[in-house]
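I have placed the structure first, in the form of structure tokens, so that the comments after it can refer back to it.
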Amino acid sequence: MEYSEIMVRYGELSTKGKNKKDFIKQLGHNVRKALSKFDDLDISAQHDRLHVTLNGADSTAVMARLKGVFGIENFSPSVKVEKDITAVKAAAIAMLKENYQPGMTFKINTRRQDKEFPYDTYQLNELLGDTLLDAFPDLVVKMKHPDLELRVEVRVNGVFLSGQTIHGAGGLPVGTGGKAVMMLSGGIDSPVASYYALRRGVKIDMVHFFSPPYTSEQALAKAKELTARLAGYSGGIQFIQVPFTKIQETIKEQVPEGYLMTVQRRLMLRLTAAIAEKRHAKGIFNGESLGQVASQTLESMAAINDVTSMPILRPLLSMDKTEIIKVAKDIDTYDLSILPYEDCCTIFTPPAPKTHPDLEKSRRFESFIDVEGLMKEALDGITVTEIRPGDNYLNQDEDVFAELL
Ligand code: ATP
Ligand code: MG
């Protein structure tokens, strides 16, 4: 069926009162950005709906993009006909034919914005219901949970019919929740945490620590490629890579083994907080989940958090690994995350890091190194990349995938 427009319904933001205007404006902006590769669309964000007029564009491709935009509750591909009852009846029959199954249940749901139209919603429901029952005598009318709900909207510029309601991504439009930085490794967890941050409307910049030559170019490329997948949800993400080799080598030399991990993490967080402040970000997200590994106990979090007063947000805190993996698969980051490239943290982590580090000792051992000098050097060595949805960084050599099969 050739659709004329995609009718987009808002989610939570319809209840947001005074912020509603900003939300709609941001969503309109995000939808335009997500659909920028289509030339002929008309996009208009109104107070209760957003309309994407297709002007001949491929509706399936447009809907695939819309699926990734947060703030959309659901959407319906719609056909526009003239405000003429014969045309409306014909379109209703065509739409039913498209979805027909023997003995199916249906209902007509009419909305009328244009009060000049000679039939009211009650009359239209009756009239179109009868038309369909005449054309398909085995249909059954059902008000609750019918197989097909045919929505009919009488607007000033025409009558719009749709037979399908497709779930959107939910959440809030990215940008309405302020800005934060995300600590992104190449693992399974932090990409999922990024997804949850974006879903609550928070715009994120990625901070990634890498340690050449201990970590490879491919490990770095993997983190960028993960960012490119996540950028599909926000239009674009800045990727900040921070050189971490010298800090790790110095810590390894000067800090007692049991505290290597804790002190490393404190430095990571110090650097992340410095970056966040400089960029006017208001919080730091990470992929920690309570009890998952040594650095993710309450004592450990306390010993690491100590270096900043900025909020540290952990969307995965109480999720089980199996749940996290399921989301990673759903959002399409899992296959990348399990590629076997080394991470800077694991390389310098001793076999038995302290799971319950002492705060005072953490502070003292950290003071063995030149925190300020090392931080300055790392911050001076930062590189920022603007990453767009679907950008390619990993020349996925087929052998890597073959190994995984
Ligand atoms: P992930 O799957 O996200 O790597 P993890 O279970 O491996 O998490 P850790 O290695 O302890 O757990 O890392 C905890 C969190 O610290 C990560 O989720 C991420 O937010 C942050 N982190 C770890 N390594 C890096 C890195 N190289 N660059 C930036 N952040 C990192
Ligand atoms: Mg990791």
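Each ligand, and each atom within it, is numbered from 1 in the order the structure gives. The residues of the chain are indexed from 1 along the displayed sequence.
Between Tyr233 and Phe70, the angle of the ring planes stays under 30°, which puts this pair in the parallel group of the 30/60° scheme.
Side-chain atoms of Tyr119 and Glu126 form no donor-acceptor pair, as typed in the model, at a separation below 3.5 Å. Donor-acceptor pairing under 3.5 Å is lacking for the side chains of Gln26 and Thr176. A side-chain donor from one of Ser190 and Ser185 sits under 3.5 Å from a side-chain acceptor of the other.
A salt bridge is absent between Lys142 and Asp147; no separation between the charged side-chain nitrogens and carboxylate oxygens falls under 4.0 Å. Between Glu73 and Arg9, none of the side-chain N atoms (NZ, or NE/NH1/NH2) sits under 4.0 Å from a carboxylate O, so this pair counts as no salt bridge.
Shown in contact with Gly187 at under 4.0 Å from a heavy atom are these atoms of ligand 1, numbered in order with element: 1 (P), 2 (O), 4 (O). Atoms of ligand 1 found under 4.0 Å from any heavy atom of Leu184, numbered from 1 in the order shown, are 26 (C), 28 (N), 29 (C), 30 (N). The ligand atoms of ligand 1 that sit less than 4.0 angstrom from a heavy atom of Ile188 are 2 (O). Atom numbering of ligand 1 starts at 1 in the shown order; those under 4.0 Å from a heavy atom of Val207 are 29 (C). Ligand 1 places these atoms under 4.0 Å from at least one heavy atom of Asn286: 20 (O).
Ring centroids of Phe106 and Tyr100 are separated by 6.0 Å or more, keeping the two rings apart.
Looking at ligand 1, you won't find any N or O of Phe285 less than 3.5 Å from one of its N or O atoms.
Counting only non-hydrogen atoms, the option in Phe209, Phe210, Phe244 that gets closest to atom 27 (N) of ligand 1 is Phe209. Looking at Met206, Met261, Met183 and measuring to atom 19 (C) of ligand 1, the nearest heavy atom belongs to Met183. Relative to atom 12 (O) of ligand 1, the option among His208, Gln296, Glu288 with the closest non-hydrogen atom is Gln296. Of the candidates Arg314, Lys321, Gln241, Arg265, the one placing a heavy atom closest to atom 13 (O) of ligand 1 is Arg265.
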